[in-house]
Amino acid sequence: MRIAVVGAGVVGVATAYLLAREGHSVVLIDGACEPGRGASAGNAAQLSWAYADAMASPALLRHLPAIMAGRDPAFRVRWRLDPDFLLWGLRFLANAPGWRWRGNTDAILRLAGESREEMEKLLAEVDIDFDYRLAGKLHLYPDEASLAAAKPGVERKRRLGFEQSILSLSEAQAVEPALQNYQGEIAGAVYTPGDAMGDAAAFCRQLTRHMADHLGVVTCFNRQVVGFEQRHGKLTALRFADHEPLETDRAVVTAGPLIHGLMADLPEVADVQPVRGYSLTIARSPNAPLVSLTDVKRKLAFVAIGDRFRVAGLADIERPGAGFDAGRFDVLHAAARSVLPGCFDDAQELMRWSGERPMTPSSSPMIRRSRNITGVYVNAGHGMLGWTLALGSARRITNFLV
């Protein structure tokens, strides 16, 4: 079976790999010049198998007045008079009660577990270098109340098969000595030794090269899909902006923020809205932490990627295509410098990045057949968890097609 995968970010590349591994003839298509040029290029690099929590939660609901008043630097919401956006916002809020948050989180965690299994298989089968490291992860809590509130989540994740423990400050510093110089408040931490990290953009490039060399995957870059041709409701070809159509009877759409350009043919993707994030990548200093860190109070993620060090954060729910906001980037930079001045003061900057991470109201990705066109499938809406969930969602979409 010939299958076109639309989008060569980490979700699309993972999807193409699993389909090709099952013996399908795969064409991987992207409007950029190479794979991994979108959110995969600047994400937090953390493979947070145990931290795939839904964003809509009781805690966020309680904090919503402060967010709407602009008093939380980590979150920003810009409402707009768009029916799809307003409906998405109402559905997002409907997912915030505790029982729904727990259900959504458990579903995403199960998907993350599938991703972890597929990553282990991939690492055993394929020789690629993307700075993968079983780094472990420390979630840093600023006070005893927030640390105590984390305990039920730790127990629930243990029941789902994730190894986690609650550490005192001194125990966390023993795991990561660089925390002795951390300037933020730390009452304790949740430690997940099984969480990993890796350069998602390098993963995309290396795995695409492997697929082309060993699995017969054909790549088509610099080609933007703008629609679908169909006959009697069945897919016959993909339409491009400036190339001849590509005949195919199956297509998986993983186009990230560009998926909204296909809404005329795929109305279900109106349930996916962008959440913009920012990151800064610098040259790694000798005193930078090697264990991945997440500062719960400031919503910052820190990770060492080879000879680089990255901080990522912020969640801006706003109109698609809003673009890089220098003021928002300054918020991220200032927060990072305030807690790790030895790493960020006078550091060599390698990349400033901002990008959209399309998300569903439940934070669970949309993995489904198209309602309108037979032969079209959607694998999108992973939000901030695209790198973590890529291989698991690829496994599930592949099951539709096997």
Side-chain angles (χ1 to χ4, degrees), residues 7 9-11 31-32 36-46 48 52-57 60 63-64 66-82 84-89 91-93 95 200-201 254-261 263 269-281 294-295 298-303 310-336 349 351-363 365-366 380-390:
V10 70
V11 175
R37 297 279 288 188
S40 303
N43 66 12
Q46 296 180 340
S48 300
D53 293 27
M55 178 182 281
S57 67
L60 186 66
H63 198 51
L64 192 60
I67 294 172
M68 299 305 297
R71 297 197 302 270
D72 185 338
F75 285 98
R76 183 171 70 180
V77 179
R78 288 184 171 176
W79 295 96
R80 57 185 190 272
L81 295 177
D82 171 11
D84 290 331
F85 176 77
L86 295 174
L87 183 58
W88 184 93
R91 288 175 175 167
F92 179 83
L93 294 176
N95 277 281
T254 69
L258 299 177
I259 201 168
H260 281 268
M263 198 181 302
V269 303
D271 209 28
V272 176
Q273 291 291 329
V275 179
R276 178 167 291 278
Y278 289 78
S279 73
L280 168 64
T281 307
T294 294
D295 185 315
R298 296 167 182 82
K299 312 294 191 300
L300 299 177
F302 298 96
V303 63
R310 180 173 294 168
V311 57
L314 307 188
D316 292 353
I317 301 175
E318 54 189 5
R319 65 176 177 82
F324 187 93
D325 183 329
R328 291 296 282 158
F329 177 83
D330 290 343
V331 169
L332 175 77
H333 193 187
E349 290 191 12
M351 182 176 70
R352 296 184 173 200
W353 175 88
S354 176
E356 296 176 358
R357 294 82 51 89
M359 187 177 75
T360 66
S362 68
S363 297
M366 181 182 294
H382 299 71
M384 287 74 75
L385 297 169
W387 184 207
T388 295
L389 302 179

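Predicted, not measured: the structure shown is a model, and the values here were computed from it. Atoms considered below: every heavy atom in the structure, side chains included; atoms not considered: hydrogens, waters and symmetry mates.
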Reported [atom1]-to-[atom2] distance for the pair [X] and [Y], which is rounded to 0.5 angstrom:
| X | Y | atom1 | atom2 | answer |
| --- | --- | --- | --- | --- |
| Thr281 | Glu349 | OG1 | CD | 9.5 Å |
| Met384 | Leu314 | CE | CG | 11.0 Å |
| Asp271 | Met263 | CG | CE | 10.0 Å |
| Asp53 | Leu60 | CG | CG | 12.0 Å |
| Trp353 | Leu280 | CH2 | CG | 12.5 Å |

Which heavy atom of [X] sits nearest to which heavy atom of [Y], and what is that distance?
| X | Y | result |
| --- | --- | --- |
| Ser362 | Asn95 | CB-OD1, 3.7 Å |
| Phe92 | Ala56 | O-CB, 3.4 Å |
| Ala45 | Val303 | CB-CG1, 3.8 Å |
| Met366 | Val272 | CE-CG2, 3.9 Å |
| Ile259 | Ala380 | CD1-CB, 3.6 Å |
| Arg310 | Asn43 | NH1-O, 2.8 Å |

For the side chain of [X] and the backbone of [Y], is there at least one donor-acceptor N/O pair under 3.5 Å apart?
| X | Y | result |
| --- | --- | --- |
| Trp88 | Met359 | yes |
| Ser363 | Met55 | yes |
| Arg80 | Glu318 | yes |
| Ser40 | Gly9 | no |
| Ser354 | Gly277 | yes |

Please work out whether the ring planes of Phe324 and Phe329 are parallel, tilted or perpendicular, with thresholds of 30° and 60°.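 Ring orientation, 0 to 90° scale: tilted.
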Verdict with reasoning, Phe85 to Arg319, per side-chain contact (heavy atoms from CB on, under 4.5 Å): CA-CA 9 Å; Phe85 176 77; Arg319 65 176 177 82; over 6 Å; no
Indicate yes or no: at least one non-hydrogen side-chain atom of [X] is less than 4.5 angstrom from one of [Y].
| X | Y | answer |
| --- | --- | --- |
| Pro274 | Pro320 | yes |
| Leu300 | Leu332 | yes |
| Val311 | His333 | no |

Look at Asp325 together with Arg328 and state whether they make a salt bridge at an N to O cut-off of under 4.0 Å.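 No.
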Checking Gln46 against Thr294 for the side-chain contact (heavy atoms from CB on, under 4.5 Å) test, could you report, in this order, the C-alpha distance in whole Å, the side-chain angles of both residues, the deciding distance, and whether it holds? CA-CA 10 Å; Gln46 296 180 340; Thr294 294; 3.6 Å; yes
Salt bridge (Lys or Arg N to Asp or Glu O under 4.0 Å) partner of Asp316, chosen from Arg76, Arg357, Arg276: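 Exactly one pass, corresponding to Arg76.
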